[in-house]
Amino acid sequence: MDGSVLLDILSRYVFNIANIQGMLRLATPVVLAGLCALITDRAGILNIAGEGMILLGAWFAVAASYFFGSSMMGLLGGIVAGLVVGALFALFSLKFRAHIIVMGIAINIFADAATIFLTRSVFGVAGGFTDPKIVGFGAIEIPFIKDIPILGELLSGYTFIVYLTWFLVAATALFLYRTPWGFHLRAVGENPEAAETMGINVQRIRFLAVMASGVFAALAGVYLSLGHLQGYVDKMAAGRGFIGMAVNTFGGGAPLGVFLSSLLFGFVDMLGFRLQAERIIPIYFVSMMPYIVTLAALTYFTIRRENARKRAATKKA
Amino acid sequence: MTNAVEMIGIRKVYPGVIANNNVNFSVATGEIHALVGENGAGKSTLMNVLFGLTRPEEGQIFINGKQVHIHKNSDAIALGIGMVHQSFKLVPSFTVTENITLGGEPRKGLLVDRKAAHDNIVEISKRFGLQVDPDARIRDLPVGVQQRVEILKALYHNADILILDEPTAVLTPQETRDLFGVIRSLVAKGKTVIFITHKFNEVMTISDRVTVMRDGKVVETKDTKDTNPTELARMMVGRDVLLRVDKAPANPKDVVLEVQDLEVLDNRNLKAVRGLSLQVRAGEILGIAGVEGNGQRELVEAIVGLRPVYSGKVVMQGKEITHASVRQRRDDGISCVPEDRYVRGVALRATLEDNLIVESYFKEPIGRGMLIDLNQVTEFSQNLIKKFDVRTPSSKVTAGALSGGNMQKVVLARELSLDPTLLIVAQPTRGLDVGSIEFVHRTIIEARDRGAAVLLVSAELEEIMSLSDRINVVYEGRIMGEVSGAEADEESLGLWMAGVGGNAEAAHEASSEHTAETLKG
């Protein structure tokens, strides 16, 4: 293999603008799933219901968009679904003290079955639902910026949810590290007794955190059903709720960390699509790749970081 | 002079116990008021009522002469009451400033005004003479400084009445002296301090008045200058208490435990025990004195078989057990009261019965073939509970429901039920009140008098000196020197504990000898 072939492969699969755009798009639902995991994790709650919340958000977004003929109504429908399932999750696990893992599993199984049932009973079809009446999100070209060479192509031309996600990453960081409520949330997560003795309502903060996680997950669903595709497909969350937990851990519970770790998933996912088109590698292997690579990489880096921390601690002592 | 705090007729009932029974308690403005009592006497409950962490069934509270209703602890904070809990309520990853301002952050619009917060902390810490680095993270600070942060936190939230819940339990003598200085300067600036403790010397040193509680009631409130430790102890326990340990001279027999040139690694794989040798004879108490963290924990764990031996030997009655299993060592007659009773002493969520039989369930008469005879379990447990005076409603409550003193009695009961040849006790009275301490000490001496060899490890020098027949001082995993219990004085033990004198030279010589040999070779 001479140099020019390698360069060709690199530019086709890695260093070209279409690929970077693909990476950013495919990372978006994972970023949102990551924020869903992050906001509950920082409040000291183990929320494994992200997967189910994504599915419900995706389904209700499609339904609302179909019936009202508007993508923004679709967004609203998804958000309301996220709020409701978040509130139910919080009610049962925090107020009625149902076991949080069991509750999370219950929501995931329920969402899986409920969306299949609803697709059949509401739209009369099985497996998924597409229809011209479903209005998805179109690409937004940002004036002026779109005309800047390279940067314009990188920053412009995504759907609304992508920009919303970038905004939410920054907003979550600002919230966590600069606002009183962010401090309270982190205190609740790290030492609830400390928060409680300072008059902070631990239960209320956790409740709100779970509801916020519902919204983040639902947005991931909205992106999948109205941004990425225009329609609902059974099990379309495809494990992103769990990948969200992985990127949160790897991102160290920080919004920017979540964003960057999600890019890894987005990149491998994008690569999968390219390879799928070329039919070099069996398709099943290709669709496994993003998950395997992401988990392997995150595990490797997490272990390395833990070891480094341990070494630092030993040195100090 | 008005009273800063006046609590009248406070009654608080928990299932099965009256924690506060018609308690009257008043604290004058600007005084240091000590609140003493055994564990379970009701002092924590009373303070939790005052701080709004629990609500009483009956009673009235007046703050600065005005009747108040405290429903939740933010009410108490708003009334100028602050509490420093025994286990600190701090967020480890937050900075000092972030911890102090938590729940009352200065704001600029929607955001926290970080500069104002920082300046505020600097100002308060200067005003009260409590030095801290506002930007340090809590997890990097020593315990004494963390406590200062807790006090600052209360002051930041405008506390005029400060409740300190056993503040010296976690401090070194040096840090305790600093804390007393801080308390005095707070009172000089018009604050009122309630000081919960069960150490009488602290009451005598720091307080103006003292209130003694027992069994949910106030026994008496006195001016500190009109009382003395003996009287306080009597009021607290309800009978005369021996503050000194009474014991007959030892009558040592054969060597039971012999440790030879022992080396043991700690959790970080560093040598914690470095060539330590000792002997314990039947019928004597060998005390191991030393500042904590000098290899005591690793030594004990190596002897009982919980930690592998790196090199050297452990010999029990002439038989080497260096690598024997824990069960085997137990069968050889080793019993151990571990230093952390909550982690290794008892299983908190198991019943007293289960806790008491863990060393004997597999033996007759409790174990029968593959089954356990539950009637025997209850009988066995109830005998021990009676014999060791464990205060519990039944043998079927969980161990976690007991007070520290009663929990330690359960551990002692189990360990002594095996009639051990060697009894190892580590920090046996940590966190216990006088009544329980007296009981634990007496039990240890009784075990000795029955002929057991006792190895006592304690960070309390007073405990070591009053119980031990011989004392070894450990420093950095080696024995620095030995004295008999009768000849021991705090001064010279203290020097050894700091690594001065004693075998330090010997150890040094050993290493230079080693160098000489290497040179020769």
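Computed from heavy atoms alone, side chains included, the values below leave out hydrogens, waters and symmetry copies. Order of the sequence lines sets the chain letters (A, B, ...), proteins ahead of strands, with each chain counted from 1.
No more than 12 heavy atoms of other residues, nucleotides or ligands sit less than 6.0 Å from atom CZ of B:Arg297. Counting heavy-atom neighbours within 6.0 Å of A:Phe144 CZ, excluding the residue itself, gives a total of 12 or less. Sparse packing is recorded around OH of B:Tyr310, with 12 or fewer heavy atoms of other residues, nucleotides or ligands lying under 6.0 Å away. Surrounding CZ of B:Arg349 are at most 12 heavy atoms belonging to other residues, nucleotides or ligands under 6.0 Å away.
Here the CD-CZ distance, from A:Glu193 to B:Phe88, works out to 13.5 Å after rounding to the nearest 0.5 Å. Here B:Arg114 contributes atom CZ and A:Tyr177 contributes atom OH; the two are 12.0 Å apart, rounded to the nearest 0.5 Å. Atom CZ in A:Phe175 sits 11.0 Å away from atom CG in B:Leu110 (nearest 0.5 Å).
Contact tally against chain A (heavy-atom pairs below 4.5 Å) for B:Lys72, B:Lys153, B:Met83: the top residue is B:Lys153. For the set B:Asn73, B:Leu53, B:Asn99, the entry with the most heavy-atom pairs within less than 4.5 Å of chain A is B:Asn73. Note on B:Val112, B:Leu90, B:Asp113, B:Val91: by heavy-atom pairs under 4.5 Å with chain A, the leading option is B:Val112. Looking only at heavy-atom pairs under 4.5 Å with chain B, the residue among A:Thr197, A:Thr179, A:Ile200 that has the most is A:Thr197.
Using modelled atom types and a 3.5 Å distance limit, the side chains of B:Glu105 and A:His184 yield a donor-acceptor pair.
The shortest heavy-atom contact between A:Gly199 and B:Ser74 is CA-CB, 4.2 Å. For the residue pair A:Phe183 and B:Phe94, the shortest heavy atom distance occurs at O-CZ, 3.5 Å.
For a residue to count as touching a neighbouring chain, one of its non-hydrogen atoms must lie under 4.5 Å from one of that chain's; by this rule B:Pro92 touches chain A with backbone and side chain alike. Only the side chain of B:Ile77 comes within contact range of chain A, with heavy atoms under 4.5 Å apart.
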Intermediate values then yes/no, side chain to side chain contact (heavy atoms under 4.5 Å, CB included), A:Glu196 and B:Lys89
CA-CA 9 Å; A:Glu196 196 160 19; B:Lys89 313 283 186 206; over 6 Å; no
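Between A:Leu174 and B:Leu111 there is a side-chain heavy-atom pair separated by less than 4.5 Å.
Remark: side-chain polar atoms of A:Glu190 are paired, donor with acceptor, to backbone N or O of B:Ser93 under 3.5 angstrom.
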